[in-house]
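Working notes, beginning with the structure itself.
The chains referred to below are lettered A, B, ... by the order of the sequence lines, with proteins before strands, and numbering in each begins at 1.
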Protein chains: 2
Amino acid sequence: MDAPAKKRRTRIQTEKRELILEAALEVFSTHGFRGSTIDQIAEAAGMSKPNLLYYFRRKEDIHETLIQRLLKTWLQPLRELDDVGDPIAELRGYIRRKLEMARDYPRESRLFANEILQGAPRIMPLLEGELKTLVDEKAAIISGWMRAGKIATTDPRHLIFSIWATTQHYADFDVQVRAVLGPDRGGDGRFHDAARFLEQLYIDGLRAKP
Amino acid sequence: MDAPAKKRRTRIQTEKRELILEAALEVFSTHGFRGSTIDQIAEAAGMSKPNLLYYFRRKEDIHETLIQRLLKTWLQPLRELDDVGDPIAELRGYIRRKLEMARDYPRESRLFANEILQGAPRIMPLLEGELKTLVDEKAAIISGWMRAGKIATTDPRHLIFSIWATTQHYADFDVQVRAVLGPDRGGDGRFHDAARFLEQLYIDGLRAKP
DNA sequence: CAAATTTTTGACCGGATGGACAAACGTTAG
DNA sequence: CTAACGTTTGTCCATCCGGTCAAAAATTTG
């Protein structure tokens with residue numbers, strides 16, 4: 001899977017591999033897998049192509065490492081959604097964490113979006129397995145809150161989808177958001193405004209009980 | 001821009017060009033521009049590569065034609081948002097139309113998403129021009145409704161973003177949605193459930209006035 | 001320091017890919 | 001029917017790109 005195989009990692013290997021992954025994240029997330037070339041990544045990492053291939057034998061190995069690493073952190077916010085606290089506070093926290101991830105890790109979000117857009121060829125099993133299980137589990141928790149009359153009744157799975165969609169939108173469609181908001185409103189305040197809007201949309205909506 | 005240039009189109013030319021565009025939409029929308037090859041498109045269109053290149057001189061010409069055609073219809077739902085009718089009914093209609101587009105034209109949605117994900121290199125001027133103008137205009141209408149107390153007060157631009165995000169999500173992230181819903185719930189009812197959910201999320205939320 | 005090991009590089013290879021071209025084939029209009 | 005025009009195809013080319021390799025340079029180890 002990776003070049004220096006089973007042997008222990010050298011200091012240089014650890015550093016250079018990290019450098020490559022950082023560069024590759026930048027390149028892959030904007031051009032997609034096939035749209036990116038090893039030369040591009042090598043140049044972004046400040047090394048020659050053969051040198052890069054010394055650390056990762058194949059282009060796909062870099063991509064796979066990035067995806068694996070991404071998935072580990074990607075679902076963390078949802079995992080943290082627990083039924084111990086106040087339901088409204090839990091959901092508010094989840095939305096906030098997801099929006100923060102869109103703000104702080106937009107490249108990871110785009111890498112993921114690229115993968116899904118192309119039919120998720122490399123992570124389909126994970127979607128049908130781990131992800132589905134996790135969503136089922138959290139949807140059950142949310143349903144419980146609804147039955148208990150703690151939040152308004154709605155489809156919990158589509159609620160999760162809409163939270164994913166609205167938060168990741170600020171990473172995946174960033175250029176469009178900035179273009180539409182213009183230089184003035186498109187500044188740093190974007191995410192603050194978005195947070196306020198989403199808070200109102202979801203929390204006020206969920207408080208209203210039929 | 002296109003092969004048979006300024007001359008009048010033959011019957012065969014009209015048919016074959018349409019065939020190519022249909023095939024190219026399929027290929028581009030799933031593999032992106034760089035990820036697609038002329039051979040792939042030619043095969044999907046049932047013709048040889050040189051034959052395809054007789055109708056479109058360059059690969060980019062096909063893509064550009066698709067993008068231009070897409071943009072014409074893409075913004076139509078938003079254009080139709082008018083301030084003549086009932087505000088709630090107008091917004092409900094807009095959300096419904098957008099969701100129908102995600103259902104009926106998912107490939108167009110993914111083509112657009114691919115373009116934006118990669119930084120919108122070919123349509124940036126349009127985003128900053130036509131699109132921004134349109135959004136500004138519609139945001140003003142929505143703001144008017146809010147000032148008049150007809151709908152709840154919120155950020156009109158982020159409201160539009162969230163409608164885009166939630167509806168297009170069902171086209172762009174289709175494989176993920178299906179994987180998570182599973183074979184049972186993932187059937188045809190997806191969009192019906194989504195419509196009900198979005199109706200509740202937005203309409204109930206907007207009705208509530210502070 | 002010197003040997004062993006790791007890292008870096010230039011040169012190279014084979015296959016894929018976008019595109020050119022001329023010749024063959026088909027269609028249509030006079 | 002035939003000349004003109006439109007369509008299709010096989011062949012070819014230059015470039016790009018993923019990946020290899022051996023040898024040079026740098027680093028680590030004893």
Checklist entry - Which one, D:dT9, C:dG19, C:dT8, comes nearest to the side chain of B:Ser48? => result D:dT9

Item to check | Check: A:Leu81 main-chain N/O paired with A:Lys138 side-chain donor or acceptor under 3.5 Å | outcome: yes

Next on the checklist: Under 4.0 Å, counting only non-hydrogen atoms across every strand here, what does A:Lys49 touch: a base, just sugar-phosphate, or nothing?
Outcome noted: base

Checklist outcome for this item: Between CE of B:Met47 and P of D:dT7 the distance, given in whole Å, is 11 Å

Checklist entry - OP1, OP2 of C:dT7 versus side-chain N and O of A:Thr10: anything below 4.0 Å? => result yes

Checklist entry - B:Leu53 has an atom CG; how far is it from atom P of D:dG10, in whole Å? => result 14 Å

Checklist entry - Rounded to the nearest Å, what distance is computed from the CZ atom of residue B:Phe33 to the P atom of nucleotide C:dT17? => result 14 Å

Checklist entry - Any idea which of C:dA20, D:dC21, D:dG6 is nearest the B:Pro50 side chain? => result C:dA20

Checklist entry - So, is A:Tyr54 near the phosphate of D:dT20, with a side-chain N or O under 4.0 Å from OP1 or OP2? => result no

Checklist entry - Is a donor on one side and an acceptor on the other found under 3.5 Å between the side chain of B:Glu90 and the backbone of B:Asp82? => result yes

Checklist entry - Looking only at side-chain N and O atoms, does B:Arg57 come under 4.0 Å of OP1 or OP2 in C:dG18? => result no

Checklist entry - Which nucleotide, D:dG18, C:dT7, C:dG19, lies nearest any side-chain atom of A:Thr37? => result D:dG18

Item to check | Spacing between B:Arg17 atom CZ and D:dT7 atom P, to the nearest angstrom | outcome: 11 Å

Next on the checklist: Can you see if the side chain of A:Gln13 gets near the phosphate of C:dT7 - specifically, an N or O under 4.0 Å from OP1 or OP2?
Outcome noted: yes

Checklist entry - A:Tyr170 and A:Ser109: side-chain donor and acceptor closer than 3.5 Å? => result no

Checklist entry - Roughly how many Å is it from NE2 in B:His63 to P in C:dG18, rounded to a whole number? => result 13 Å

Checklist entry - Got a donor-acceptor pair under 3.5 Å from the side chain of B:Lys59 to the base of C:dG19? => result no

Next on the checklist: Whether the side chain of A:Arg97 engages the backbone of A:Pro77 through a donor-acceptor N/O pair (distance < 3.5 Å, no angle test) should be reported.
Outcome noted: yes

Checklist entry - Ignoring hydrogens and geometry, is there a side-chain-to-backbone donor-acceptor pair from A:Gln40 to A:Thr37 under 3.5 Å? => result yes

Checklist entry - A:Glu60 CD to D:dC17 P: how many Å, rounded? => result 18 Å

Next on the checklist: In whole Å, I'd like the distance from the CD atom of A:Glu15 to the P atom of D:dT27.
Outcome noted: 12 Å

Checklist outcome for this item: Quick note, B:Asn51 side chain, CB onward, closest among D:dT8, D:dG19, C:dT6 is D:dT8

Item to check | Side-chain N,O (B:Arg34) to OP1/OP2 (C:dA16) below 4.0 Å | outcome: no

Checklist entry - To the nearest angstrom, how far is A:Leu52 atom CG from C:dT8 atom C1'? => result 12 Å

